[in-house]
Number of protein chains: 2
Amino acid sequence: MKGKETRTHLNREDVLDAAANLVKQHGPGALTMRKLAAELGTAVTSIYWHVGNRESLLDALVERTVADLGEIRPSGATPDRRVVSVARALRRQLRDHPHLVAMVHERGLTERMFLPAQRALVHEVHAAGLRGARAADAVRAVQIHVVGHVLVERNRERAPVQRPGEDELWTAETAERDAALARALAGPLDPEALFTTSVRALVAGLLGP
Amino acid sequence: MKGKETRTHLNREDVLDAAANLVKQHGPGALTMRKLAAELGTAVTSIYWHVGNRESLLDALVERTVADLGEIRPSGATPDRRVVSVARALRRQLRDHPHLVAMVHERGLTERMFLPAQRALVHEVHAAGLRGARAADAVRAVQIHVVGHVLVERNRERAPVQRPGEDELWTAETAERDAALARALAGPLDPEALFTTSVRALVAGLLGP
DNA sequence: ACCTGAACACCGTTCAAGT
DNA sequence: ACCTGAACACCGTTCAAGT
């Protein structure tokens, strides 16, 4: 019982709110039925009455969070840039909900999540002159690239110090005597910059001749 | 006790073998200390003597599997094609060890895993004339694209039927009156083909002018 | 050096019983 | 309609005790 507003009956929304809070504060691992019950000040079993079971609780939670995501507005003069801007906006959305990505991924709901972005991409790809199957490929390629990139990014952030450690692995000798390359690979990675670079390259390749 | 060769003492290798088997046959979720003990015909606690705890057991398992991956040989006439071939080989490796990807991802070891591929990429990117930071970006962009793509692919496979379902979502109206596009987006996705398309586009964009 | 069972603190879920 | 505690079948891990 964490002294919020008092209520006569527990309801589905309360459960979802508390669950969202738990995840936001202590990560998805902290979302257990028992901790949730403690948070709500009820018996564990009450929760089951409202949300079925843990599985569907997570489903509902993900569903709600996805629904709350803002829409995506393309910006930029050329179709190229507008597609890139959609990709960046999508990445930003995902990064703003760090736990969401993991949960969606775990639940295999990646597809369903990205309709708004997909619509925006369809529009821009069309504007670039692509049609039919070719347009569909472009949309999907960008989409997968963004989601994949965010997944890998998040993974990299969570990862503790790597042993052997890239700084030891990449020296001028192992990098074919390209000292600058060795330094770059050994040094830290700027995900934002790399993302922009790769999306630009991908879009150029997809929309180009 | 699954009547393999008899042995006097349990050892670390036996434990890892059994663990790998469990994962291969029933997925990572089936790898519990207790099931593992049952499989080995020992007390649960014996395992702890050999591998420390579950955490380090998983670490060791991932480590071993990664070490067993074959090396990557580029093929193709132009640097473009050779980079694409490395990407495809890497994807193939990852797909051949379906559980590995998830485990590596969960453990945040994605970096460490891809050294061989990274070396191959460095070589090809160099051959294409890129140097220094620009080369590093290209290598990392391709690498992240492959890993990300495989993660999303696996996710998509695991995902059951999607509700609403893309076939209902994408009609000619919602697809800006492009019926072929609607059909393509509603239809099934060919991951192999899409992967090739996107990698080609990405590489063209990265190595191109 | 290696193995053991008992015990602890956690899980999710079911169910019969309460109001 | 909503809530409850008891109970079940699982977890990972520690520890003292065995050989």
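Below, chain A is the first sequence line, B the second, and so on; all start at residue 1.
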S.K.: Considering only residues two or more places apart or on different chains, which pairs with a residue in residues 191-204 of chain B satisfy salt bridge (Lys or Arg N to Asp or Glu O under 4.0 Å)?
M.R.: B:Arg88-B:Glu192, B:Arg91-B:Glu192, B:Arg92-B:Glu192
S.K.: In this structure, how many angstroms lie between the P atom of D:dA9 and the CZ atom of B:Arg34, rounded?
M.R.: 14 Å
S.K.: Distance check needed: C:dT13 P versus A:Leu57 CG, whole Å only.
M.R.: 10 Å
S.K.: What heavy-atom pair brings B:Ala175 and B:Leu181 nearest, and what distance separates the two atoms?
M.R.: O-CD2, 4.1 Å
S.K.: Just do the salt bridge (charged side-chain N to carboxylate O under 4.0 Å, His left out) check on B:Asp190 and A:Arg140 with the steps written out, would you?
M.R.: CA-CA 11 Å; B:Asp190 178 347; A:Arg140 280 170 158 167; over 6 Å; no
S.K.: Donor-acceptor pair, B:Glu39 side chain versus B:Ala19 backbone, under 3.5 Å?
M.R.: no
S.K.: Would you indicate, yes or no, if D:dC11 has its OP1 or OP2 atom less than 4.0 angstrom from a side-chain nitrogen or oxygen of B:Lys35?
M.R.: yes
S.K.: Between C:dC11 atom P and B:Arg54 atom CZ, what is the distance in whole Å?
M.R.: 16 Å
S.K.: Got a sec, which residues hit ring-ring contact (aromatic ring centres under 6.0 Å, His included) with B:Phe195, two or more places apart in sequence or on another chain?
M.R.: B:His149
S.K.: Roughly how many Å is it from CE in A:Met33 to P in D:dC8, rounded to a whole number?
M.R.: 21 Å
S.K.: If I take atom CG in residue A:Leu58 and atom P in nucleotide C:dG12, what distance separates them, rounded to the nearest angstrom?
M.R.: 10 Å
S.K.: In whole Å, what is the span from the CG atom of B:Asn53 to the P atom of D:dC11?
M.R.: 17 Å
S.K.: Calculate the interatomic distance between A:Arg12 atom CZ and D:dA1 atom P; express it in whole Å.
M.R.: 17 Å
S.K.: For DNA chain D, what string of dots and brackets results from 5' to 3' when Watson-Crick and G-U pairs need both distances under 3.5 Å, crossing pairs get [ ], and pairs with another strand get |?
M.R.: ||.|||||...|||||.||
S.K.: What does the list of N/O pairs under 3.5 Å between the protein and nucleotides 3-6 of chain D look like, with a distance for each?
M.R.:
unit_1	atom_1	unit_2	atom_2	d
D:dC3	OP1	A:Leu10	N	2.8
D:dC3	OP2	A:His50	NE2	2.5
D:dT4	OP2	A:Ala43	N	2.8
D:dT4	OP2	A:Ser46	OG	2.7
D:dG5	O6	A:Thr45	OG1	3.0

S.K.: Taking side-chain hydrogen bond (donor to acceptor under 3.5 Å, both in side chains) as the definition, give me every residue that meets it alongside A:Ser56, ordered by chain and number, with sequence neighbours left out.
M.R.: A:Asn53
S.K.: Taking side chain to side chain contact (heavy atoms under 4.5 Å, CB included) as the test, write out the residues that go with B:Ala133, two or more places apart.
M.R.: none
S.K.: Answer yes or no: are there more than 12 heavy-atom neighbours, outside B:Arg177 itself, under 6.0 Å from its atom CZ?
M.R.: no
S.K.: Between the main-chain N or O of A:Arg119 and the side-chain N or O of A:His123, is there a donor-acceptor pair closer than 3.5 Å?
M.R.: no
